[in-house]
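Residue numbering restarts at 1 for every chain, and letters A, B, ... go by the order of the sequence lines.
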There are 2 protein chains.
Amino acid sequence: MSKAPEAIGAAPATSTAITGRGVQSVDRALGILEVLARIGEAGVTEIAAELGVHKSTAFRPVATLEAHRLVEQTVDRGRYRLGVGILRLAGATTARLDLVQEARPICRKLASDTGETVNVAVLSESSALYLDRVAGSSALQPHNWVGQHIPLHATSNGKVLLSGLDDARLDRVLGKLATYTPRTITKRGPLRAELERVREQGYAVAVDELEVGLTAVAAPIRNVHGDVVASMSVSGPSFRLTPERFDEVVTLVTEAAIEVSHRLGWGHR
Amino acid sequence: MSKAPEAIGAAPATSTAITGRGVQSVDRALGILEVLARIGEAGVTEIAAELGVHKSTAFRPVATLEAHRLVEQTVDRGRYRLGVGILRLAGATTARLDLVQEARPICRKLASDTGETVNVAVLSESSALYLDRVAGSSALQPHNWVGQHIPLHATSNGKVLLSGLDDARLDRVLGKLATYTPRTITKRGPLRAELERVREQGYAVAVDELEVGLTAVAAPIRNVHGDVVASMSVSGPSFRLTPERFDEVVTLVTEAAIEVSHRLGWGHR
DNA sequence: AGACTGCGTTTCGTCGAGCGCAACGGAATG
DNA sequence: CATTCCGTTGCGCTCGACGAAACGCAGTCT
């Protein structure tokens, strides 16, 4: 796109260009950061080739990025990689990013789409701690559990949170598996099998396990490292959340959880 | 400056910006990121004032940054803040840092063995910069500290990092010793004594010095030359990390730190 | 209700900043 | 010792970034 003296008169054709793309050289500099994020370590020549520009065109933005500590040179051979300045910026970012705040609008939509109650929970002191709740449209609603500690092995949220732990931590977190209903999982073996299933399919279900007549479906919320940091669930009376509706609800709740995860920096794009 | 005839002699009001040489517009764009990191949330006009440039000169870099998700608009009022793109870059950064890469599995094991949170920090610009964090099993996570600046004199990690400096560098790094709790060390003399103790025993402890109720134990990570390049800590509530547990925790954290040091090439005979 | 103020955003003409080129210095490699 | 490949730098030309001003919109004052 160096020189294109073509078609000045063709106004409508150029409408495909995204309006207000911004500053070209900044765009390139950010492209450099993304290249380094993808490749990990690269020389100026390599970066230039990746962007399709001249060496010097790549070098000077890199020098500027280096002055701001966003990239740094490796000792061996003048190669570049992302620097600690990025981490400093990330610190300021996470300070502003609150899980509840980011999740809330998505919870609202999920509650609206399903008509059921949506909960967000994190792991805390050997139990699930409910951080937020958005009530569904129906009059018949579960209790408000915000701020309460809920058993891990008898809820969909709990299962999702447990599925993110390794065996050692699982053992420490799990105490006695209390019985709440005849369908509560009270043996370690079956619970481990259930958690493995949760990991595989990416969501958890609990039907009449904490309370007879109560059904819930939950999916994991992940941070930038991919760790499970929270869980989002849709819950309602079992006569409304029937197995026939599971497919639909599972899709909605997993998509919502993925969306929140993206807002926390997980995944690409 | 279009008009302004012969204004060459006039001193340009470049304000306090850290001018990195190279590409001007990139420099400004990165300045915008730093402004947002400092202020947290700002409008275009505010950013422009901060940089000492015209509104539109600030707006377009912002638009470019937004296109790369490095900044995002808040719903209310078109204000801007740092975006999730920063987090993705940060994830890529830590993934490529040798130290984090080598330390992570050991951190996981340490977190699992102690049940507490493990942090890895390096010295950066007169403060401790947290590179990685593995949450303990009782994941009561008030904030994610990764990327944050932490005072050096009031934390176990900070003391370890300071203990690796000679007197000249110590003076350069230490500013005013802020008071956070009644137990914070705020005088140079006692701090030097404390650092000497850290050097002798090979670990540092901080009880209620940064925050009442917060206790941490840290040990040094060394590179090939034996220099202290990072610090690894175990931290948790003071009621769980009692003095009776210090012996056990100190052993675990020092062994873990030594293991990481070995992986970085330290101590091979 | 109407004028006003302040915001983010857009347009436009000008000019200097950033681009491509080519040359430089240094370090591996044969 | 010649060669090759790298990051880095000086230079002239050109295009892209800048500043000024106008615009649409919201909230606010009178």
Is the count of non-hydrogen atoms from other residues, nucleotides or ligands lying under 6.0 Å from A/R69 atom CZ greater than 12? no
Whole-Å distance separating the NZ atom of B/K55 from the C1' atom of D/dC23: 10 Å
Report the distance from atom CD of A/Q24 to atom C1' of D/dC18, rounded to the nearest whole Å. 15 Å
When B/V228, B/N157, B/L165, B/L129 are each screened for side chain to side chain contact (heavy atoms under 4.5 Å, CB included) with B/L123, the one that passes is B/L165
Would the base of C/dC21 count as contacting A/S56 through its side chain, where contact means a donor and an acceptor less than 3.5 Å apart? yes
B/V44, nearest nucleotide to its side chain (from D/dT8, C/dT9, C/dG18): C/dT9
Spacing between A/E41 atom CD and D/dC6 atom P, to the nearest angstrom: 15 Å
So does A/Q73 get a side-chain nitrogen or oxygen closer than 4.0 Å to the phosphate oxygens (OP1/OP2) of D/dT8? yes
Of the listed D/dG7, C/dC19, C/dT9, the closest approach to the B/V23 side chain comes from C/dC19
To the nearest angstrom, how far is B/L65 atom CG from C/dT9 atom C1'? 16 Å
Let's see if you can work this out: which of D/dT9, C/dT9, D/dA17 has an atom nearest to the side-chain heavy atoms of A/F59? D/dT9
Does a side-chain heavy-atom distance below 4.5 Å link B/L33 with A/H68? no
What is the separation between atom CZ on B/R79 and atom P on D/dG27, rounded to the nearest whole Å? 15 Å
Report the distance from atom CD1 of A/I47 to atom C1' of D/dC5, rounded to the nearest whole Å. 16 Å
For C/dG6, does OP1 or OP2 lie under 4.0 Å from any side-chain N or O of B/T45? no
Can you find a side chain N or O atom of A/Y80 that sits less than 4.0 Å from OP1 or OP2 on D/dC6? no
Need to verify one output field. Residue with the more 5' nearest nucleotide on DNA chain D, B/S25 or A/V62? A/V62
Atom-pair distance (NE2 on A/H54; P on C/dC21), nearest Å: 5 Å
Would you tabulate the side-chain donor-acceptor contacts of residues 48-55 of chain A under 3.5 Å, counting partners in other chains and residues two or more places apart, or write 'none'?
residue	atom	partner	partner atom	Å
A/E50	OE2	A/R38	NH2	2.8
A/H54	ND1	A/S56	N	3.2
A/H54	ND1	A/S56	OG	3.3

So, is B/R28 near the phosphate of D/dA17, with a side-chain N or O under 4.0 Å from OP1 or OP2? no
Would you check if the side chain of A/R79 reaches a backbone N or O of A/E41 as a donor-acceptor pair within less than 3.5 Å? yes
In whole Å, what is the span from the CZ atom of B/R60 to the P atom of D/dG16? 12 Å
